[in-house]
2 protein chains.
Amino acid sequence: MKRIPEVTVERLIKYLRFVEEMEKDGMRNLTAKQIAESLGLNPHLVRKDLAYFGQFGKRGKGYETEKLGETLRKIMGLDKRWKVALVGVGNLGSALLRYPGFKERGFDVVCAFDTSPQKIGRQIEDIKIESMDKMEEIVSKENIKIAILSIPKEAAEEVSDRLVKAGVMGILNFAPRYLQYSYPFRVLNVDLSLYLESLTFYLENDGKKNLSM
Amino acid sequence: MKRIPEVTVERLIKYLRFVEEMEKDGMRNLTAKQIAESLGLNPHLVRKDLAYFGQFGKRGKGYETEKLGETLRKIMGLDKRWKVALVGVGNLGSALLRYPGFKERGFDVVCAFDTSPQKIGRQIEDIKIESMDKMEEIVSKENIKIAILSIPKEAAEEVSDRLVKAGVMGILNFAPRYLQYSYPFRVLNVDLSLYLESLTFYLENDGKKNLSM
DNA sequence: CCTGTCAAGTGAAAAATTTCATAAAATTAC
DNA sequence: GTAATTTTATGAAATTTTTCACTTGACAGG
């Protein structure tokens, strides 16, 4: 099997989103063209992306919505639920704890940690906030592979090291510090202000001809 | 001037982050190698990215930290402050209102909107929550160009259309619905569960040889 | 002031990614 | 049942992006 480019993986998730939405709408079949249009892509690209995983389309007809969804979920490891640990229950952290989208998409935040004594013991959405001293113990015991980090940037490195040692394989990092681990660990750095900053480049240079659009 | 690839823009912001951090640490000079290492990139790529905007490095020495920071900020439109409107003061929205990172990076959330009568009139961090009926009026009057959208996905399209009509040029969209506008408008779709989903692909396929790492 | 080393800048080469062209299968229209 | 149309699949071409090789300027040491 050929190597799957990272850009393809990112698109696959978006395809899955669209496929599931169409599934809900009762569409029995979907064509690459439809998927592509919904995301502003070239249909050839969609087919090529899907073809990495074998051929599950029908010529002249398209893809069976349900089967495509199932296959994509399987490819992405989304055919089962994942347990997630959340570290750092500040403003952002508690909003993430309450964010219904994770559960909807198969991710169960099963524990939350903080250092602040005021927060420890409190409960948000069924989840009791635990002391960060217990983090390794609980994460190991529960066999948690994914963690969400919403802590100050100063603590990011130390805490993520501890998580990795406790068995976590993937981290979604909201702290504005770039974290890196080598294979097989994965970090996804989500820097909220960074997104705004990439917007301003285009706003600022809007109209000039040196733009990639 | 040559067209700037989107991937370059994304890296430039990260360079700026590192440069500012080093500036704070008192480093007078920075080399492409140092910048590259901090982000796990090839130094040639860093030089090429910077060279799009002219030559501001010194051979044998590197880049003057301060000047590089200034230049990058100017390129990115970050040499001034930006006013931002926040729409949707739910869990995520109010966390974003309280998120200090935006202000730190030059973005002032100056107004917030919601539909819920319970929320309208309340105040979070100096910002009074206004009715969404007043959105267009205030956004136009204040000449706001950037909006953060943290509303349910069902409302995303309608609200973003209204924002665009009111003069907004860039949207940071947290609603899990893919929004698209054509040039010169920009949308950055930030789908939180989507990030987790891209992690699971790698966790699931970990160890298999078909991976891009 | 010469020599060696370092690092930016630049054009060419390589690699990766996307688009295109074509073939083949399925469906629809006649 | 045949022709036309639709749409996937796949290998080739084009494009984009990254890496490499080389040149040049700057500085340090002798």
What are the bounds, 5' to 3', of the part of DNA chain C that sits under 4.0 Å from heavy atoms of chain A? C:dT17 to C:dT27
Quick one: on DNA chain C, does A:R11 or B:A51 contact a more 5' nucleotide (nearest heavy atom)? B:A51
Would you give the length of the straight line joining atom CG of A:L39 to atom OH of A:Y15, rounded to the nearest 0.5 angstrom? 7.0 Å
Is there a residue in residues 28-48 of chain A whose heavy atoms reach under 4.0 Å of DNA chain D, and which residues are they? A:T31, A:A32, A:R47, A:K48
Within the 4.5 Å heavy-atom criterion, are A:V109 and A:L96 side-chain neighbours or not? no
For B:E66, check side-chain contact (heavy atoms from CB on, under 4.5 Å) against everything at least two apart and list the hits. B:E23, B:E70
So, using side-chain contact (heavy atoms from CB on, under 4.5 Å) as the criterion, who are the partners of B:S94 when residues are at least two apart? B:V89, B:R98, B:I124
So if I take residues 67-79 of chain B and measure heavy-atom distances to DNA chain D, which residues fall below 4.0 Å? none
Determine whether A:F113 and A:V159 make a side-chain contact, defined as any pair of heavy atoms from C-beta on separated by less than 4.5 Å. no
Within a strict 4.5 Å, meaning less than it, do heavy atoms of the B:L199 and B:L196 side chains meet? yes
Does OP1 or OP2 of D:dT17 have a side-chain N or O of B:Y52 closer than 4.0 Å? no
Using whole Å, report how far CG of A:L50 lies from P of D:dA9. 8 Å
Salt bridge (Lys or Arg N to Asp or Glu O under 4.0 Å) filter on B:R47, not counting sequence neighbours, yields none
Here the side chain to side chain donor-acceptor pair (under 3.5 Å) pairs for residues 106-115 of chain A, sequence neighbours left out, are A:R81-A:D108
Contact list for residues 143-171 of chain B, test side chain to side chain donor-acceptor pair (under 3.5 Å), sequence neighbours left out: B:E136-B:R162, B:N143-B:K145, B:E158-B:R162, B:S160-B:Y181, B:D161-B:Y181
Between the CG atom in A:L172 and the CG atom in A:L188, the distance rounded to the nearest 0.5 Å is 6.0 Å
As a check of understanding: the bend across the helix from C:dC1-D:dG30 to C:dC30-D:dG1, end axes from five pairs, rounded to 10 degrees, works out to 10°
Could you label the plane-to-plane angle of the B:Y195 and A:Y195 rings as parallel, tilted or perpendicular, counting under 30° as parallel and over 60° as perpendicular? parallel
A:E197 vs B:F107 side-chain heavy atoms within contact, under 4.5 Å: yes
Could you pull out all residues at least two apart from A:F102 that satisfy ring-ring contact (aromatic ring centres under 6.0 Å, His included)? A:Y99
Pick out the pairs of N or O atoms, protein on one side and nucleotides 26-30 of chain D on the other, that lie under 3.5 Å.
{"from": "D:dA26", "atom 1": "O4'", "to": "B:R59", "atom 2": "O", "distance (Å)": "2.9"}

Working to the nearest 0.5 Å, report the span between CZ of B:R105 and CZ of B:R73. 8.5 Å
Listed by chain and number, what are the side-chain hydrogen bond (donor to acceptor under 3.5 Å, both in side chains) partners of A:Y178, not counting sequence neighbours? none
